[in-house]
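First the structure, in the form of structure tokens, and then the observations on it.
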Number of protein chains: 2
Amino acid sequence: MKYSASKEDYLKAIFHLQTEQSMVTTNALAVAMQARPASITDMLKKLKSEKLLIYERYKGFRLNNEGKKIAVQVIRKHRLWEYFLVHKLKFGWDEVHEVAEELEHITSKKLIDQLDAFLNFPVTDPHGDPIPDRSGKFNSPKQLNLLDFPMNTPAKVSSVASQTSDILELLDHKSIHIGTRLEIRKKFLFDNSIELKVKNQAPITVSEQVAQKIFVHNDE
Amino acid sequence: MKYSASKEDYLKAIFHLQTEQSMVTTNALAVAMQARPASITDMLKKLKSEKLLIYERYKGFRLNNEGKKIAVQVIRKHRLWEYFLVHKLKFGWDEVHEVAEELEHITSKKLIDQLDAFLNFPVTDPHGDPIPDRSGKFNSPKQLNLLDFPMNTPAKVSSVASQTSDILELLDHKSIHIGTRLEIRKKFLFDNSIELKVKNQAPITVSEQVAQKIFVHNDE
DNA sequence: ATTTATTTTTAGGCTAATCTAAAAAATAAA
DNA sequence: TTTATTTTTTAGATTAGCCTAAAAATAAAT
């Protein structure tokens, strides 16, 4: 249950890649890890023999549950440390990444749980990315129209579930992009349209069809 | 100006050993590092070629100024993290060492200086050992009878220079232990006895013989 | 459906930090 | 002062994580 910093970095990188492509390729990981493809293959064999991922040569790979669990814990540590650096040590949000890359490999479970409590269980890091809780559950993105957290809670756009130029044009026109912070102001039962407030803008309304395509997460 | 965790550990261990014996031996370091003597010799050659210590084969070794400087910075980091763990994350003083062994190798200078400020520039770690400041200066323990800092400055017992049961009984009776905070109230020139104030206690007086055995450091 | 290009893997090396076993130097003892 | 003991160093391996260069498998193009 103890992995080298390097292995943890691989698991984390694979985790991020496999949310985009369900099968990850050697080359993609080589780019992400800034390493040569041959090195990736070496490490894949080790991670496979430790039963952290499924992998068949020439066919790509993906984490299994065990691998995901570890990756998520590393991500949790990374984001909690970033939060600590910004909110307690007065770092700028743009200068915390490198330091967190080191801190995320400290192994004490107690350390990270106490840190979490000390920080009051934050749900988003300084870049707005969700911080998984100690059981590994993310403050997971939800469709804007199905949002269950209360009105006026700050939310942040994490993805758009359609890449058709029609919806992108619409969102672009309303200045809604990945990362945009917004709040729900009102839901109209008549047509399930939603009134939103984006910072420094007049309130805008989106239809149910649009809201279905926008994924947001809690961002308090 | 960047050294591996392993090298930092060697420098730190040598630093501690050379306060006791001015020339450190391969075997002594092997014991301290829990490694075989052959491994020590290997590393000594590397550290020598990096100009961190003086070393002649078969003759022992000691850190030069550059080596000491690095060792002290590692010790500073270790002790600041211990302080953080105890005072902010509610660790017990007896469970912080291992975690600090990892944290001390994080390389960001800014991190450690911001942490220092966040903690309000503490001068002693949870074990009562002095924390060097950012320039590397120690708040070093002094014999209670030779104390040069002003009256009523809070001081903290860092060690007792004798383990005979006679003196331990006396100190125990007066509730003076390692870690006890006290202030000097008065020095009597007649017999060099000293009047002390320990928190929540009536003032007490100790003889010169006792004061000589008590080492304290500044603890404001 | 071959040929060509790309991707991935294998084969063999390198470095840091460790180890064991054996040789050499220093120290202690007879 | 020679011999024995202890300490230290050398010599040669090992492991993790990376590399380059070449071979093998897959994918793309004609």
Side-chain angles (χ1 to χ4, degrees), chain A residues 1-14 17-18 20-63 67 70-71 74 101-102 104-107, chain B residues 1-14 17-18 20-63 67 70-71 74 101-102 104-107:
Chain A
M1 263 272 185
K2 177 90 175 293
Y3 302 95
S4 69
S6 179
K7 278 179 188 167
E8 288 189 346
D9 286 337
Y10 273 87
L11 294 172
K12 193 172 51 134
I14 297 168
L17 288 173
Q18 74 183 16
E20 291 154 30
Q21 322 142 240
S22 72
M23 267 296 158
V24 185
T25 67
T26 301
N27 263 2
L29 186 52
V31 171
M33 292 295 299
Q34 309 215 75
R36 316 317 300 267
S39 311
I40 305 301
T41 303
D42 282 357
M43 186 58 95
L44 286 175
K45 285 193 239 169
K46 292 177 200 164
L47 295 175
K48 183 186 180 182
S49 82
E50 292 181 58
K51 305 201 195 318
L52 299 175
L53 46 72
I54 51 160
Y55 162 58
E56 270 195 283
R57 63 197 214 301
Y58 293 105
K59 294 202 159 185
F61 46 91
R62 63 194 337 281
L63 300 181
I70 294 154
V74 176
E101 281 295 303
E102 289 188 58
E104 73 188 5
H105 300 297
I106 306 291
T107 49
Chain B
M1 263 273 182
K2 177 89 173 295
Y3 302 94
S4 69
S6 180
K7 278 178 187 168
E8 288 189 345
D9 285 337
Y10 272 87
L11 294 173
K12 193 172 51 135
I14 297 168
L17 287 172
Q18 76 181 14
E20 290 155 31
Q21 322 142 240
S22 72
M23 268 294 158
V24 184
T25 66
T26 300
N27 263 1
L29 186 52
V31 170
M33 292 294 300
Q34 309 215 76
R36 316 318 299 268
S39 312
I40 305 300
T41 302
D42 283 355
M43 187 58 95
L44 287 175
K45 285 193 239 172
K46 292 177 200 164
L47 295 175
K48 183 187 180 182
S49 82
E50 293 181 60
K51 304 201 197 318
L52 298 175
L53 47 72
I54 52 161
Y55 162 58
E56 270 195 283
R57 65 198 213 299
Y58 293 108
K59 294 201 158 186
F61 47 91
R62 65 196 332 283
L63 299 181
I70 294 154
V74 177
E101 281 295 304
E102 289 188 58
E104 73 188 6
H105 300 298
I106 306 291
T107 50

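Within every chain, numbering begins at 1; the chains are lettered A, B, ... in the order of the sequence lines, protein sequences first and strands thereafter. Computed from heavy atoms alone, side chains included, the values below leave out hydrogens, waters and symmetry copies.
- Two residues are said to be in side-chain contact when any heavy atoms from C-beta on lie closer than 4.5 Å; A:Y3 and A:V74 fail this criterion.
- For the pair A:M43/A:K46, a side-chain contact is recorded, criterion being any heavy-atom separation below 4.5 Å from C-beta on.
- With a 3.5 Å ceiling on both atom-pair distances, the Watson-Crick or G-U wobble partner of C:dA30 is D:dT1.
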Legend entry - Protein-to-nucleotide contact annotation, 5' to 3' order, nucleotides 6-14 of chain D [B base; S sugar-phosphate only; - none; under 4.0 Å, heavy atom]: -SBBB----
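- Contact check, A:R36 against D:dT20: a side-chain N or O comes under 4.0 Å of OP1 or OP2.
- The distance between atom OH of A:Y3 and atom C1' of D:dA16, rounded to the nearest whole Å, is 16 Å.
- At whole-Å resolution of the value, CG in B:L11 and P in C:dA17 are 11 Å apart.
- Between B:M43 atom CE and C:dC19 atom P there is a gap of 11 Å when expressed in whole angstrom units.
- Side-chain atoms of A:L63 and A:I70, non-hydrogen and from C-beta on, never get closer than 4.5 Å to each other.
- Rounded to whole Å, the distance from NE2 on A:H105 to P on D:dG17 is 12 Å.
- Annotation for B:L29 and B:L17: closest pair CA-CD1, 3.8 Å, computed over non-hydrogen atoms.
- Remark: A:S6 is not in phosphate contact with D:dA16, judged by side-chain N or O atoms under 4.0 Å from OP1 or OP2.
- Pairing for C:dA24 goes to D:dT7, judged as Watson-Crick or G-U wobble with the two contacts each under 3.5 Å.
- Contact check for A:R62 versus A:I54: side-chain heavy atoms found under the 4.5 Å cut-off.
- Taking only side-chain nitrogens and oxygens, A:Y10 comes nearer than 4.0 Å to OP1 or OP2 of D:dC18.
- Listed for the B:E102 side chain is a donor-acceptor partner under 3.5 Å among the backbone atoms of A:T107.
- Look at A:K46 and you won't find any side-chain N or O under 4.0 angstrom from OP1 or OP2 of D:dA16.
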